[in-house]
Amino acid sequence: MGFKNQIERRRTFGIISHPDAGKTTLTEKLLLFGGAIQEAGAVKNNKIKKSATSDFMEIERQRGISVATSVLAFIYKDKKINILDTPGHKDFAEDTYRTLTAVDSVIVVVDVAKGVEEQTIKLVEVCRMRNIPMIVFINKLDREGKDAFDLLDDLEQKLGLSVTPLSFPIGMGYDFKGIYNIYEKNINLFSGDSKKNIEDTIAFDDINNPELDTIIGETAAQDLRDNLELVHGVYAPFNKDSYLNGEQQPVFFGSALNNFGVRELLDCFIEIAPSPRPKMAEERLVKPDEKELTGFVFKIHANMDPKHRDRLAFIKIVSGTFERNKPYLHVRQGKNLKFSSPNAFFAEKKEIVDISFPGDIVGLHDTGNFKIGDTLTEGEPLHYKGIPSFSPEHFRYINNADPMKSKQLGKGIDQLMDEGVAQLFTLEMNGRKVIGTVGALQFEVIQYRLEHEYGAKCSYENFPVHKACWVDPQDEKNEEFKEFKRVKQKFLAKDKQGQLVFLADSQFSLQMTQQKYPTVKLYFTSEFK
Ligand code: G4P
């Protein structure tokens with residue numbers, strides 16, 4: 001198969017949702033369709049359960065499992081599907097944001113009874129900022145839930161989407177009869193009390209055909225006709241270009257657990273979802289079909305075995321092919337590296353591969369060369385944009401609890417930050433180090449890993465920060481900026497990239513600062529240029 005065909009057949013995407021909406025179940029059903037797994041339950045343990053909030057050892061265990069399921073790949077109707085796993089646990093939200101830099105599209109799963117939830121809002125916002133094409137799957141239709149139109153309204157109002165339903169449920173919960181597929185113009189009916197099987201797929205080009213009444217009953221048929229009329233009246237017809245530009249989001253209804261509507265979703269997905277797209281580097285736009293390899297690290301996974309400190313760096317291939325044993329330029333370090341055992345990922349296992357294509361993810365064994373955002377090329381000094389840091393939610397001073405091990409501590413902190421476990425800020429005033437995390441859980445994870453992987457001990461001390469704001473340094477010579485730096489000295493720090501950060505201790509002080517120094521620009525993400 002030619003290079004261009006290889007690119008065209010790839011679909012690299014992520015599934016995002018609020019925990020418990022059904023992401024894991026849907027992933028599993030997609031894998032079953034792809035023949036990649038044989039039974040349900042196979043990817044379940046990938047999930048960090050809610051109960052794990054107080055049990056970080058469990059998280060460590062699951063972290064090991066999730067290496068294998070970080071990328072789930074399979075072939076469906078000759079398309080190579082790469083699903084990038086995103087942790088549902090909110091303490092790992094930053095991992096998810098980073099993974100979203102490596103996807104070409106996403107499927108958003110929403111629970112029919114709960115509607116749009118907090119994590120959905122945050123994740124969809126990140127996708128919207130990047131114009132990532134999104135398909136919404138409203139799940140758990142076998143249960144009573146919100147009215148379909150209310151849900152569509154919710155998606156528009158709370159998520160700011162412009163939706164267009166491509167399927168529509170016939171009944172819901174107990175009365176659920178099936179799904180009308182607007183995209184394919186047919187009806188899937190489900191049978192039995194458990195409604196586990198698709199009984200029949202009937203083509204219905206014209207839903208006014210009286211046969212519909214015989215099949216689903218007069219009331220349901222009339223409801224469906226009314227609903228579809230409303231759909232056509234209210235929502236713009238599906239437009240593939242609008243979807244690809246992130247301006248319109250098709251919606252499907254179904255039940256992942258019972259397999260309703262999943263095939264329809266997958267069949268439509270492979271047809272409309274984008275193959276690998278061009279990506280903007282700081283220097284230029286890079287197209288997937290360029291001959292030379294370019295790719296970037298979006299995730300680093302530490303080895304579970306503390307005796308071997310090697311890690312797996314996940315590279316998304318943007319252009320060209322990645323070949324085993326070929327030297328590539330590690331742009332940040334300015335040195336050539338060769339990889340004798342690059343891993344490719346399949347359903348639940350990883351294997352050494354000789355060649356990978358744009359859209360694919362390769363896992364490279366790394367002894368500390370990589371950090372998130374690093375670029376590999378065949379010599380061109382390219383830097384990929386788009387892996388910003390967001391303000392952490394929790395901040396603490398980190399202290400060395402074993403003075404004999406300060407070197408180990410420094411190295412450990414350095415490497416854990418490169419992995420993206422947390423963010424490090426060094427205070428301008430006294431050089432003290434502050435760790436910022438998305439969830440309180442990471443502090444325990446860091447302490448545990450420093451001790452077990454680096455033989456270092458740390459302790460924490462509270463540091464009350466409301467938000468970290470990145471400061472635009474372009475005003476460096478401005479008097480107001482100088483005064484801001486002098487007055488706020490106590491609250492200024494450098495992040496790991498050396499960018500200036502203002503650590504506001506309260507919402508009030510943040511507002512006051514913004515009012516007092518209007519020309520000093522503060523940003524809530526590190527990528528504001
Ligand atoms: P997540 O990855 O988004 O966190 O969700 P997950 O798939 O684990 O699903 C959360 C719960 O919702 C699971 O139940 C799962 O079985 C259930 N679920 C998923 N899809 C459907 C659906 O279409 N209909 C119904 N009724 N339930 C669904 P659980 O009891 O929390 O877990 P488990 O014991 O089944 O593993």
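As the structure lists them, so they are numbered: ligands from 1, and atoms in each ligand from 1. Residues take their numbers from the sequence shown, with the count starting at 1. Model, not experiment: these values are computed from the prediction.
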List ligand 1 atoms under 4.0 Å from [X], heavy atoms only on the residue side.
X: T24; result: 1 (P), 2 (O), 7 (O), 8 (O)
X: A256; result: 23 (O)
X: R143; result: 26 (N), 27 (N)
X: D20; result: 1 (P), 3 (O), 4 (O), 5 (O), 10 (C), 12 (O)
X: K23; result: 1 (P), 2 (O), 3 (O), 5 (O), 7 (O)
X: S255; result: 22 (C), 23 (O), 24 (N)

[X], any N or O under 3.5 Å of ligand 1 N or O:
X: P19; answer: no
X: L26; answer: no
X: L141; answer: no

Applying a heavy-atom cut-off of 4.0 Å, say which part of [X] lies close to ligand 1: side chain, backbone, both or neither.
X: T25; result: both
X: N139; result: side chain
X: S17; result: side chain

>> Distance to the ring centre below 6.0 angstrom and angle to the axis at most 45 degrees; does that hold for R449 and Y454?
In response: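 Ring-cation test returns no.
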> Is the NZ or CZ atom of K299 both under 6.0 Å from the centre of the six-membered ring of F314 and within 45° of that ring's axis?
Replying inline: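 Cation-pi check for K299 and F314: passes.
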> When V251 is tested against each of L166, V108, L155 for side chain to side chain contact (heavy atoms under 4.5 Å, CB included), which residue passes?
Replying inline: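 The option that passes is L155.
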> R311 pairs by side chain to side chain contact (heavy atoms under 4.5 Å, CB included) with which of H365, H301, E419?
Replying inline: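 With R311 as partner, H365, H301, E419 yield a single side chain to side chain contact (heavy atoms under 4.5 Å, CB included), made by E419.
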> With D153, which residues qualify under side chain to side chain contact (heavy atoms under 4.5 Å, CB included), at least two apart?
Replying inline: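 In terms of side chain to side chain contact (heavy atoms under 4.5 Å, CB included), with neighbours along the sequence ignored, D153 is linked to Y235.
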>> Do the side chains of R10 and D104 get close enough for a salt bridge, i.e. N-O under 4.0 angstrom?
In response: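 Here R10 does not pair with D104 in a salt bridge, since their nearest N and O are not under 4.0 Å apart.
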>> With a 4.0 Å cut-off on N to O distance, would you call D20 and K114 a salt bridge?
In response: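 Looking at K114 together with D20, the answer is no, because their closest N to O distance does not fall below 4.0 Å.
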>> Going by side chain to side chain donor-acceptor pair (under 3.5 Å), name the residues that satisfy it together with N209, two or more places apart in sequence or in a different chain.
In response: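 By the side chain to side chain donor-acceptor pair (under 3.5 Å) rule, N209 matches no residue at all.
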